[in-house]
Amino acid sequence: MIQYERMNKVLPQNFFNRPTLAVSDELLGCFLCRQIGKKTTRLKITETEAYDGPEDKASHASRGKTTRNAPMFGKAGQFYVYFTYGIHWMLNIVTGPKDYPAAILIRGTDKVTGPARLTKFLSIDKSFNKKPATRKTGLWFEDRGEVIKQSEIKRTPRVGVAYAGPVWSKKLYRFKTS
DNA sequence: TAAGTGATCTCT
DNA sequence: GAGATCACTTAA
């Protein structure tokens with residue numbers, strides 16, 4: 001965490017309105033928070049995956065704006081939730097400026113690993129699509145002062161993106177702490 | 001290791 | 001309207 005001052009607080013909209021790769025990196029060690037009724041669940045984020053810009057062939061946005069991926073073109077700090085494999089919801093947080101399609105897939109946390117298991121565990125579905133990441137939404141991010149050393153962060157190719165071609169499938173856009 | 005599940009996309 | 005695709009999990 002270099003660019004952004006770390007404090008024990010809810011990550012604001014402008015945290016996400018920055019380069020996607022920087023946000024992907026700095027989101028590690030932050031907490032994904034979900035409030036259902038009076039109960040709040042906090043999970044430490046350990047794995048993220050970046051989908052950055054219109055040129056990224058692995059991104060839903062690579063073939064232009066559609067009804068489904070429209071949230072990626074919206075302003076930073078809102079969720080992009082989509083359904084895949086007939087069963088699973090995927091939770092992404094939109095990054096970068098408006099009209100620049102980018103988002104980060106939240107792949108795993110300390111207690112719950114796997115993007116689909118995460119959404120199932122936290123009861124996240126389409127209703128969070130396009131919603132801002134705030135307490136009011138019931139789903140938000142917090143910086144609770146956890147420090148992740150750069151040496152602890154592993155960067156690897158993204159999952160399931162062989163179709164994106166030799167250049168984009170090899171990008172080290174997946175961030176993981178050990 | 002393969003089946004399951006269904007929205008979305010891309011072609012007719 | 002039909003058929004392929006898909007950034008996954010589970011059960012075996």
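Proteins come first, then strands; the chains are lettered A, B, ... in the order of their sequence lines, and each starts at number 1. Reckoned from all heavy atoms, side chains included, excluding hydrogens, waters and symmetry mates.
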Below 4.0 Å: OP1/OP2 of C:dT10 and any side-chain N or O of A:R117: yes

Salt-bridge contact A:R135-A:E142 (side-chain N to carboxylate O under 4.0 Å): yes

Side chain A:H88 and base C:dA7 donor-acceptor under 3.5 Å: no

Out of B:dC9, C:dA7, B:dG4, whichever nucleotide has its closest atom nearest the side chain of A:N92: C:dA7

Side chain of A:Y163 - closest among B:dA7, B:dC9, C:dA7: C:dA7

OP1 or OP2 of B:dT8 under 4.0 Å from side-chain N/O of A:K126: yes

Nearest-nucleotide comparison on DNA chain B, the residue closer to the 5′ end among A:T67 and A:F83: A:F83

For A:W89, the option from A:F83, A:F121, A:F79 that meets ring-ring contact (aromatic ring centres under 6.0 Å, His included): A:F83

Candidate nucleotides B:dC9, C:dA7, C:dT10, ranked by approach to the side chain of A:V161 - the nearest: C:dA7

side-chain N/O A:T84 vs C:dC8 OP1/OP2, d < 4.0 Å: no

side-chain N/O A:R174 vs C:dA7 OP1/OP2, d < 4.0 Å: no

pair A:W168-A:E55: side-chain heavy atoms closer than 4.5 Å: yes

G-U wobble or Watson-Crick pairing nucleotide for C:dA2 (cut-off 3.5 Å, both distances): B:dT10

Under 3.5 Å donor-acceptor pair, A:Y82 side-chain atoms to C:dA7 base atoms: yes

Value in whole Å for how far the P atom of B:dA7 lies from OH of A:Y80: 15 Å

A:R34 side-chain N/O to A:S123 backbone N/O, donor-acceptor pair under 3.5 Å: yes

Spacing of A:M72 atom CE relative to B:dT8 atom C1', expressed in whole Å: 15 Å

Value in whole Å for how far the P atom of C:dC8 lies from CZ of A:R158: 12 Å

Note: A:R158-A:D56 ion pair, threshold 4.0 Å (strictly below): yes

Spacing between A:L118 atom CG and C:dC8 atom P, to the nearest angstrom: 13 Å

Length of the CG-P vector between A:L105 and C:dC6, whole Å: 16 Å

Value in whole Å for how far the P atom of B:dT8 lies from CZ of A:R63: 16 Å

Separation of atom CH2 in A:W89 from atom P in C:dC6, rounded to whole Å: 19 Å

Spacing between A:K120 atom NZ and B:dG4 atom C1', to the nearest angstrom: 13 Å

Reference residue A:T177; test side chain to side chain contact (heavy atoms under 4.5 Å, CB included); the match among A:I45, A:I153, A:D110: A:I153

C:dA7 base stacked by A:Y51 (centroids within less than 5.5 Å, tilt under 30°): yes

Sugar-phosphate only, base, or nothing, as touched by A:R68 at under 4.0 Å among non-hydrogen atoms: sugar-phosphate

Base-pairing mate for B:dT5 - Watson-Crick or G-U, with both contacts under 3.5 Å: none

A:Y85-B:dT5 aromatic stacking (under 5.5 Å, under 30°): no

